[in-house]
Each structure stands twice: as structure tokens, then as C-alpha cells.
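One structure is given here, and the rest of the page talks about it.
Start at 1 with the first residue, then count along the sequence.
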Amino acid sequence: MDNQFNEQGNAYQQGNSYQQGNAYQQGNAYQQGNAYQQGNAYQQGNAYQQGNAYQQGNPYQQGNVYPQGNYNQQGGGYGNYSSDDESQNAPNILKQFAYSFVPPLYHGLTKVKVGSMILFVTLLALIATLLSFGSVMVAFSSIDMEKIAAQMPEFKLSGGQLYMKEDFMFDEGSVFVYMTDDIDSFSYDDADEIADEGYQDVMLVGRDRISIMQNGEYQQLDFSDLGSSFELSREWIATGLAPFVKVIIVIAYIVYFLWRVLWYFLCAAVYMLFGMLINSIMNKQVPGEALYRTAVYAKVPMFVVLTFLDLIPFADLSLPFLFRVAFTIVFMGVAIAKLPDNRPTPAPMMGQGWR
């Protein structure tokens with residue numbers, strides 16, 4: 001039995017825990033593979049390896065609003081009304097005149113450059129002034145100055161005073177004229193008293209002053225204001241007044257033309273204020289430049305109508321001021337309603353960054 005015990009081997013021959021393999025031989029947690037060998041969160045892939053919001057694509061990588069085109073690139077502000085391409089396609093002078101009578105076409109007129117708009121108004125005022133000037137000159141050329149002078153009394157205006165051989169009075173219809181050198185001057189009360197009798201045109205001439213009342217409006221001129229060298233007589237009216245009056249008419253119409261252009265733009269600025277109010281009521285966003293152009297062209301219809309009414313001979317036709325203002329404002333309102341709104345289109349919500 002002793003031999004058997006020795007043959008089998010003792011615990012050390014069979015192998016103790018160290019011979020069989022202890023925990024380190026079998027493989028401890030580090031040999032088997034610890035969390036770092038197996039792969040920890042960083043080896044397996046953490047949020048940054050998998051791709052975080054910036055790697056996957058944030059709103060700025062996917063494309064934000066500005067790379068797609070901001071308000072001015074897409075066409076915002078005044079870009080919708082005055083870009084280079086649209087200015088090149090703006091209507092010419094003739095089309096501007098035609099479009100000004102059609103409110104739905106005013107979007108094309110808002111593309112007109114400032115220089116072209118000024119040229120259009122200048123030509124419009126020039127044509128209207130020339131037509132009026134031609135009408136006046138034709139009417140004046142038909143007047144026989146010698147015949148008129150023959151109906152006037154003998155008088156002479158010299159050294160700032162009037163000299164007459166006898167008094168003169170003309171009373172016909174609604175016109176009353178009285179001339180005398182026996183009275184120094186007449187006053188407003190004198191002219192108004194005669195006008196109350198039913199006269200529309202009253203002219204009272206004294207030695208030192210001429211007083212005129214037309215349709216309730218009174219004016220007066222002292223002869224001394226003309227200068228001591230100024231002279232006037234019936235003979236001069238018959239022979240030299242016509243050329244002198246023509247020169248005066250030409251100068252007056254030149255001044256009138258310049259004032260007419262300036263007054264047109266000033267009135268358009270006032271109408272633009274009404275356009276801004278209309279724009280606010282409609283809850284639209286139309287640029288101020290477009291509103292001013294709308295006001296400029298909205299005045300054209302009434303301007304043309306009044307020009308032709310002035311050209312009708314032997315007819316005293318006119319439109320009331322309030323009617324003209326109301327018509328132009330309504331015309332502007334229709335045009336503004338047809339203009340495109342200039343609000344920018346909201347950018348679409350795209351990308352994971354918006355989710």
C-alpha cells in the first residue's frame with residue numbers, strides 16, 4: 001500500500017493548485033481580457049467615434065440660411081424693384097406713358113431708374129407747356145391790336161403818372177373799367193363795392209395806381225414801381241405792344257415750365273404719404289422708392305385730362321381740386337394693391353439640427 005501511495009503520487013506530484021494552474025495560469029481577468037482588452041466604451045466607439053451632431057452634420061454643415069442665399073441675395077429689400085436686370089427691362093418713355101393709365105402694370109414702372117423717371121416727367125411737362133403756349137400764341141395772333149387801341153381813350157403813362165384828356169368808362173356784361181386822372185388812386189373797398197353789383201372783372205385806374213379785381217381776387221400796382229423811364233400810350237399799344245407782349249409770354253412760359261416740373265415732383269412727394277398710409281392699411285411691405293414712383297405715374301391721368309381741358313377753346317372747363325386728389329389717391333390704391341409684397345420668404349427648416 002505504501003508503494004501504491006507513492007505510485008499514485010502525492011499532492012505535489014499530482015499537481016498542486018500552482019501545478020494545475022492557478023488563477024494566473026488559467027488566466028486572470030486581465031489575461032482573459034478585461035474591459036479594456038474587450039473593448040471599452042472608447043474602443044467600441046463612443047459618441048464622438050460614432051459621430052456626434054457635428055460629425056453627422058449640424059445645421060451649419062447641412063447648410064444654413066445664409067449659404068442658401070440671404071434676404072438680399074434671394075431678392076429682398078429694394079432688390080425686388082431695382083436690380084440691374086430689372087432696370088434693363090424697365091419700360092421706355094412711351095411705355096411709361098401707356099402703363100401709367102393701367103394700375104396692374106405699375107410693377108414695371110417701379111423698375112424705372114431715377115434718371116428715366118425725371119426725363120419722363122420733364123418731357124410730359126414740356127409737351128403740355130408747348131401745347132398751352134401754342135394755343136395762347138394762336139389766340140394772341142388773331143387779336144387786332146390797332147382795333148383794340150382805337151377803342152381805348154387817349155392816355156399817356158409817363159414818369160409814374162397817368163395823363164388823360166377825358167375820363168373813360170366801359171360797362172358791358174360782367175366787365176367794368178373806369179380810368180381817370182382826377183383821382184389819385186382807388187382802393188380795395190372801391191373795387192369790391194363795384195364787384196358786389198354783379199361784375200366779375202373790375203379795373204379802376206387812377207393817376208398813380210391801377211386796381212384790378214377778378215372773381216373776388218384783388219391786385220394793385222403803383223405806376224411809380226414801373227420806373228420813371230417807363231412810358232405807355234395808346235399809339236404805342238397799337239404799334240409796339242404786340243412784339244413786347246410776345247417776349248413777355250415766352251419768358252413767362254419758360255418760368256412756368258420749370259416751375260411745373262418742380263411742382264409735379266413736390267405733389268408726388270405729398271401723394272407718396274398717402275401711398276404709405278395705403279401700404280400700411282393693406283399690411284404690405286412696399287419700398288418707399290416704389291411708392292414714390294407709383295405717386296409720380298398716378299398723377300399722369302389727371303395731368304393729361306387737365307391739359308386737354310385747358311386746350312379747349314371758348315370753354316371754361318375744369319375739375320374740382322378735391323375730385324382730382326381723390327381720383328389720384330384711389331388710382332394709387334389700386335396700383336399698390338397689385339404691387340408684389342417685399343417680405344422675404346422664410347427659409348425652409350431642414351437638417352437634423354432643426355429636429
Query raised in the report: So which pairs with a foot in residues 159-175 pass salt bridge (charged side-chain N to carboxylate O under 4.0 Å, His left out), sequence neighbours left out?
Result: none
Query - Y106 side chain to S100 backbone, donor-acceptor under 3.5 Å - result: yes
Report summary line: Contacts of R207 meeting salt bridge (Lys or Arg N to Asp or Glu O under 4.0 Å) (sequence neighbours excluded), chain-then-number -> D184
Report summary line: In terms of heavy-atom contacts, S135 and L311 come closest through CB-CD2, 4.1 Å
Query raised in the report: Does a sphere of radius 6.0 Å around CD in E235 hold more than 12 heavy atoms from other residues, nucleotides or ligands, not counting ones at 6.0 Å or beyond?
Result: yes
Query raised in the report: Just by modelled atom types, is the H107 backbone N or O under 3.5 Å from a matching donor or acceptor in the T110 side chain?
Result: yes
Requested in this report: Compare all side-chain heavy atoms of T294 with those of L109 and state whether any distance is below 4.5 angstrom.
Outcome: no
Query raised in the report: Who pairs with R209 by salt bridge (Lys or Arg N to Asp or Glu O under 4.0 Å), at least two apart in sequence or on another chain?
Result: D222
**Report entry** ring pair (Phe, Tyr, Trp, His ring centres under 6.0 Å) between Y253 and F257, worked out
**Finding:** CA-CA 6 Å; Y253 267 93; F257 161 70; over 10 Å; no
Report task. Please assess I329 against I278 for the test side-chain contact (heavy atoms from CB on, under 4.5 Å), listing each intermediate value before the final yes or no. Result -> CA-CA 9 Å; I329 293 176; I278 296 172; 4.1 Å; yes
Query - Single-linkage hydrophobic cluster V325~L319, side-chain heavy atoms < 4.5 angstrom - result: yes
**Report entry** Any donor-acceptor pair under 3.5 Å from S280 side chain to M276 backbone
**Finding:** no
**Report entry** Option passing side-chain contact (heavy atoms from CB on, under 4.5 Å) with V247 (candidates V250, I249, V245, I251)
**Finding:** I251
Query raised in the report: If you group Ile, Leu, Val, Met, Phe, Trp and Tyr whenever their side-chain heavy atoms sit less than 4.5 Å apart, what else falls in with Y163?
Result: none
Requested in this report: Check whether any side-chain heavy atom of I212 lies under 4.5 Å from a side-chain heavy atom of Q220, and answer yes or no.
Outcome: no
Query raised in the report: Will you find, in the side chains of Y218 and S211, an N or O donor that is under 3.5 Å from an N or O acceptor?
Result: yes
Report task. Using the side-chain contact (heavy atoms from CB on, under 4.5 Å) rule, take F323 and T328 through it: C-alpha gap first, then chi angles, then the decisive distance, then the call. Result -> CA-CA 9 Å; F323 173 81; T328 304; over 6 Å; no
**Report entry** hydrophobic_cluster_shared for L94 and L126, side chain cutoff 4.5 Å
**Finding:** no
Query raised in the report: Mind checking whether E231 and L157 have side chains closer than 4.5 Å, heavy atoms only?
Result: no
**Report entry** Hphob cluster co-occupancy, M179 + F230, side-chain heavy atoms under 4.5 angstrom
**Finding:** yes
Query raised in the report: Is it the case that K246 places NZ or CZ above or below the six-membered ring of F140, under 6.0 angstrom from the centre and within 45 degrees of the axis?
Result: no
Query raised in the report: Is there a side-chain contact between R260 and T129, using heavy atoms and a 4.5 Å cut-off?
Result: yes
Query - Residues F155, F168; criterion ring pair (Phe, Tyr, Trp, His ring centres under 6.0 Å); working and verdict - result: CA-CA 10 Å; F155 77 94; F168 172 79; 9.5 Å; no
Query raised in the report: Where the side chain of D310 meets the backbone of T307, is there a donor-acceptor pair that is under 3.5 Å apart?
Result: no
Query - With sequence neighbours excluded, residues passing ring-ring contact (aromatic ring centres under 6.0 Å, His included) with F265 - result: none
Report task. Give the cluster check for W263 versus V261: same hydrophobic cluster or not, with ILVMFWY residues linked at side-chain heavy-atom distances below 4.5 Å. Result -> no
Query raised in the report: So do N279 and F274 actually touch side chain to side chain, heavy atoms under 4.5 Å?
Result: no
Query raised in the report: Between F120 and Y297, is the gap from one ring center to the other below 6.0 Å?
Result: yes
Report task. Check for a donor-acceptor pair, side chain of Q96 on one end and backbone N or O of P91 on the other, with a separation under 3.5 Å. Result -> yes
Query raised in the report: Sub-3.5 Å donor-acceptor pair from the side chain of S141 to the main-chain atoms of M137, do we have one?
Result: yes
Query - Full working for ring pair (Phe, Tyr, Trp, His ring centres under 6.0 Å) between F303 and Y264 - result: CA-CA 9 Å; F303 185 88; Y264 191 103; 5.7 Å; yes
Report task. Apply side-chain contact (heavy atoms from CB on, under 4.5 Å) to the pair F244 and W236, showing each step before the final yes or no. Result -> CA-CA 10 Å; F244 181 75; W236 185 83; 3.9 Å; yes
Report summary line: Residues M332 and A298: closest non-hydrogen pair is CG-CB, 3.4 Å
Query raised in the report: In terms of hydrophobic clustering (I, L, V, M, F, W, Y; side-chain heavy atoms under 4.5 Å; direct or indirect links), are L124 and F308 co-clustered?
Result: yes
**Report entry** Heavy-atom pair of closest approach, residues Y199 and I194
**Finding:** CD1-O, 3.2 Å
Query raised in the report: Should F101 and Y99 count as side-chain neighbours, where that means a heavy-atom distance under 4.5 Å?
Result: no
Query raised in the report: Between S132 (side chain) and A128 (backbone), is there a donor-acceptor pair under 3.5 Å?
Result: no
Report task. Please confirm whether the backbone N or O of K284 pairs with a side-chain atom of D341, one donor and one acceptor, at under 3.5 Å? Result -> no
Report task. Please name the pair of heavy atoms, one in Y271 and one in R324, separated by the smallest distance, quoted to 0.1 Å. Result -> OH-O, 4.2 Å
**Report entry** Heavy-atom pair of closest approach, residues M272 and G288
**Finding:** SD-O, 3.7 Å
Requested in this report: Taking all heavy atoms of M117 and all of Y292, pick out the closest pair and write down the distance.
Outcome: CE-CE2, 4.0 Å
Query raised in the report: Between V114 and R293, does a side-chain contact (heavy atoms from CB on, under 4.5 Å) hold up when you go through it step by step?
Result: CA-CA 9 Å; V114 175; R293 285 171 171 79; 3.5 Å; yes
Query raised in the report: Got a sec, which residues hit salt bridge (Lys or Arg N to Asp or Glu O under 4.0 Å) with E154, two or more places apart in sequence or on another chain?
Result: R234
